[in-house]
Amino acid sequence: FAMLKESSQSGAPLYLQLRKSIEEAVNRGLIGPGDALPSERDIASKADISRVTVRKAVQDLVKGGILVQRHGSGTFVAPRMERVEQSLSRLTSFTEDMARRGMVVRSAWLDRGLYAPSPDEMMVLGLSSSELVARVARLRIANDTPLAIERAAISASVLPDPEAIGSSLYAALELTGNRPVRAVQRISAANLGDGDARLLEVPPGVAGLHIERISYLASGKVIEFTRSIYRGDAYDFVAELRLTG
Ligand code: GLP
C-alpha cells in the first residue's frame, strides 16, 4: 500500500491502482487463499486514500471473485477452487461423496420444518392436501467452501421431525429403512440470483447448476424430491457412456 502512495501520481484512478496492487499481491502469493485482508480503515490510512476508494476497489475484486466477504468477519482472498468430479451413475449422498474425498463436511441450516405441500411437492411425493411435507434446506459446505444449496422435500410421514436429522439426510432415512435405491436426476443451467450467490460466496449472476433429484425406494415409492443449486465453478458431472446394440 505504501507503493500505491508513491505511485499515486500516475494518473489512473486511485481505486483502480489499489485494485491492481491487491490483485498483484494475490497473484504473487503475498496473500494467499483464505487470508484476511486488512480492514478498510487500515488500508485507507496506510495508503493515505479515502475509505470510499478502498471500498470501491474491494467491491470490484469481490465481484470478480478474487476476494470474498463474510458477513461480520471481514474480507478474505477467495479460496482456490478445486473442482469436484462427481459421478452421475452412483446414488450417493453429499456426506458420502465428500467423506470419500477426505473433505470435512458441514451444513448450515436454511430451513427445516413441516409445511403444507406445494402443488409440485404433492404431485411428485404423492401427497394429499391434508398431509404435510418435511422441508430440509441446507447450505452444503466442504473444507469450509460452500458448494451447494440443497432444498429437500420428504413426506412428513417418513420424516415427522426434520429438526431431529443429524448431518446427513440419507443417514437419517437409512435409520428408518427409507434409504433410496434409485434416483432420476435432472441437471440444467441457472444463473445464480443475489441471495444464492451470497450464500455460495460467488459474484451474483455467475453460472450455477440447478439439480433436481427424485429418488425412490425399492418398492417404487418416491421418497425424496430435492432441488439444489450447485456452484458451476466447482463441479464436473461425469457419466460413462456405452454403446448398446
Ligand atoms: C446429494 C443429493 C441430494 C441428497 C443429498 C443427501 O447431495 N443431491 O438429493 O438429498 O445428497 O446428502 P446427505 O445425506 O449428506 O444429507
Side-chain angles (χ1 to χ4, degrees), residues 81-115 117-118 120-121 123-127 133-190 192 196 199-202 207-218 220-239:
M81 202 57 239
E82 276 197 35
R83 294 176 75 89
V84 172
E85 195 169 291
Q86 178 67 45
S87 163
L88 276 175
S89 48
R90 274 195 309 270
L91 178 52
T92 48
S93 74
F94 185 85
T95 306
E96 292 162 345
D97 290 336
M98 297 305 138
R100 199 158 32 83
R101 297 180 168 86
M103 295 171 102
V104 180
V105 186
R106 198 154 60 76
S107 292
W109 287 100
L110 305 174
D111 185 15
R112 53 181 156 171
L114 298 179
Y115 294 88
S118 65
D120 51 356
E121 287 167 339
M123 203 173 69
V124 173
L125 294 169
L127 299 174
V133 67
R135 290 196 191 132
V136 169
R138 295 169 290 173
L139 177 65
R140 314 298 314 256
I141 304 162
N143 283 2
D144 284 333
T145 304
L147 292 179
I149 299 164
E150 293 197 317
R151 297 189 167 90
I154 312 274
S155 164
S157 61
V158 173
L159 202 68
D161 185 8
E163 297 267 342
I165 83 160
S167 53
S168 165
L169 174 62
Y170 278 17
L173 290 175
E174 184 141 27
L175 280 178
T176 57
N178 287 301
R179 166 91 196 210
V181 297
R182 186 173 78 83
V184 175
Q185 189 153 294
R186 183 181 292 270
I187 304 178
S188 47
L192 299 181
D196 287 349
L199 286 171
L200 292 171
E201 296 179 2
V202 292
L209 295 163
H210 181 264
I211 301 185
E212 183 185 280
R213 181 183 288 187
I214 297 177
S215 54
Y216 300 81
L217 299 178
K221 182 179 178 248
V222 173
I223 188 74
E224 170 198 17
F225 177 31
T226 294
R227 284 167 286 192
S228 311
I229 298 284
Y230 276 64
R231 274 174 65 163
D233 64 341
Y235 269 85
D236 289 324
F237 286 93
V238 181

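Every value quoted in this text rests on a predicted model; they were computed, and no experiment measured them. Order of listing sets the numbers, starting from 1, for every ligand and every atom in it.
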What atoms in ligand 1 come closer than 4.0 Å to a heavy atom of Tyr170?
4 (C), 6 (C), 10 (O), 14 (O)
Which ligand 1 atoms are under 4.0 Å away from a heavy-atom of Thr226?
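In order of numbering, the contacting atoms are 9 (O), 10 (O).
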Ligand 1 contacted by Arg138 (non-hydrogen, < 4.0 Å):
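The answer is yes: ligand 1 sits under 4.0 Å from a heavy atom of Arg138.
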List the closest protein heavy-atom neighbour of [atom]: residue, atom name, distance to the nearest 0.1 Å.
atom: atom 8 (N) of ligand 1; result: Glu150 OE2, 3.0 Å
atom: atom 11 (O) of ligand 1; result: Phe94 N, 3.0 Å
atom: atom 15 (O) of ligand 1; result: Thr95 OG1, 2.3 Å
atom: atom 14 (O) of ligand 1; result: Ser168 OG, 2.6 Å
atom: atom 10 (O) of ligand 1; result: Glu224 OE2, 2.6 Å

Under-4.0 Å heavy-atom contact with ligand 1, by part of Leu169 that carries it:
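Both parts.
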Pick one of side chain, backbone, both or neither for how Tyr230 approaches ligand 1, counting any non-hydrogen atom pair under 4.0 Å.
side chain
Hey, is ligand 1 close enough to [X] that some N/O pair sits below 3.5 Å?
X: Ala152; answer: no
X: Ala171; answer: no
X: Arg140; answer: yes
X: Gln185; answer: no

Run Arg135 and Asp111 through salt bridge (charged side-chain N to carboxylate O under 4.0 Å, His left out) and show every step you take.
CA-CA 7 Å; Arg135 290 196 191 132; Asp111 185 15; 5.5 Å; no
Can you give me the closest heavy-atom contact between [X] and [Y], atom names plus distance?
X: Val136; Y: Trp109; value: CG1-CZ3, 3.4 Å
X: Ser167; Y: Arg140; value: O-NH2, 3.6 Å
X: Tyr170; Y: Leu91; value: OH-CD1, 4.0 Å

Looking at Ser89, is its backbone amide N or carbonyl O close enough to the side chain of Ser87 to form a donor-acceptor pair, meaning the two atoms are under 3.5 Å apart?
yes
Are more than 12 heavy atoms, taken from residues, nucleotides or ligands other than Arg100, located less than 6.0 Å from that residue's CZ atom?
yes
Evaluate side chain to side chain contact (heavy atoms under 4.5 Å, CB included) for Phe237 paired with Leu209, printing each intermediate quantity in order.
CA-CA 10 Å; Phe237 286 93; Leu209 295 163; 3.7 Å; yes
Would you tell me whether Ser228 and Thr226 have side-chain atoms, one donor and one acceptor, within less than 3.5 Å of each other?
no
Would Arg138 and Leu169 count as a side chain to side chain contact (heavy atoms under 4.5 Å, CB included) here? Give the steps.
CA-CA 10 Å; Arg138 295 169 290 173; Leu169 174 62; 3.6 Å; yes
